Asks: 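Attaching a single structure in structure tokens format; questions to follow.
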Amino acid sequence: MRTVNLREARATLSDLVEGAAKGETVFIASRGQPRAVLVGLDEWNRLCQVPSFGRLLAASELEEGDLPPRDTSPLRDTAL
């Protein structure tokens with residue numbers, strides 16, 4: 001992973017895009033703080049296809065009794 005400042009990213013955008021297409025991840029920083037990440041389309045598509053936790057549970061082969069029972073006791077009172 002590489003970090004570049006915004007000014008450098010503007011000046012070398014085509015090189016950064018080519019690197020991202022080849023699998024390189026680039027952090028773009030502004031005033032020393034990371035503000036954006038440049039990733040390739042393949043990586044983006046892979047990250048978008050991660051299933052939700054609920055779907056993972058639904059697809060699992062859990063059977064009755066595999067999970068502990070849910071705690072149904074009332075929540076404690078808190079002062080805000």
Side-chain angles (χ1 to χ4, degrees):
M1 286 185 241
R2 186 173 143 197
T3 301
V4 297
N5 63 37
L6 187 56
R7 184 177 304 230
E8 181 183 351
R10 285 183 185 143
T12 62
L13 182 59
S14 12
D15 290 335
L16 295 175
V17 169
E18 286 300 316
K22 294 177 183 174
E24 180 182 354
T25 301
V26 180
F27 288 96
I28 300 174
S30 175
R31 298 182 180 156
Q33 297 296 316
R35 297 288 185 208
V37 179
L38 182 62
V39 296
L41 187 58
D42 291 339
E43 179 69 5
W44 174 257
N45 288 331
R46 185 186 72 79
L47 292 171
C48 287
Q49 293 176 1
V50 173
S52 69
F53 182 68
R55 287 185 187 210
L56 286 174
L57 277 178
S60 70
E61 297 180 7
L62 292 174
E63 295 180 8
E64 190 70 33
D66 284 347
L67 295 175
R70 184 174 178 180
D71 182 6
T72 58
S73 60
L75 300 175
R76 64 181 188 188
D77 290 332
T78 57
L80 299 177

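Heads up: numbering here begins at 1 and tracks the sequence. Just so we're clear, the structure is a prediction, and the values are computed from it rather than from any experiment.
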Asks: Taking the side chain as everything from C-beta on, heavy atoms only, tell me whether Val4 gets closer than 4.5 Å to Leu16.
Replies: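 Side-chain contact under 4.5 Å: yes.
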Asks: When rounded to the nearest 0.5 angstrom, what distance separates CG in Leu6 from CZ in Arg31?
Replies: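 The CG atom of Leu6 sits 10.0 Å away from the CZ atom of Arg31.
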Asks: Within a strict 4.5 Å, meaning less than it, do heavy atoms of the Val26 and Thr3 side chains meet?
Replies: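 Counting from C-beta outward, Val26 and Thr3 never come under 4.5 Å.
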Asks: Transitively linked via ILVMFWY side-chain contacts under 4.5 Å: Phe53 with Leu62?
Replies: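 The answer is yes; both residues are in one hydrophobic cluster.
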Asks: CZ of Arg2 to CD1 of Ile28: how many Å apart, nearest 0.5 Å?
Replies: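 It is 10.0 Å, given to the nearest 0.5 Å.
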Asks: Side chains of Asp66 and Glu61, heavy atoms from C-beta outward: is any pair under 4.5 Å?
Replies: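 No. Closest side-chain heavy atoms not under 4.5 Å.
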Asks: Working to the nearest 0.5 Å, report the span between CG of Asn5 and CZ of Arg10.
Replies: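 If I round to the nearest 0.5 Å, the distance is 9.5 Å.
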Asks: Checking Glu18 now: which residues fulfil salt bridge (Lys or Arg N to Asp or Glu O under 4.0 Å) with it, not counting sequence neighbours?
Replies: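 In terms of salt bridge (Lys or Arg N to Asp or Glu O under 4.0 Å), with neighbours along the sequence ignored, Glu18 is linked to no residue.
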Asks: Side chain to side chain contact (heavy atoms under 4.5 Å, CB included) with Val39: which residues, sequence neighbours excluded?
Replies: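 With neighbours one apart ignored, the set is Thr25, Val37, Glu43, Trp44.
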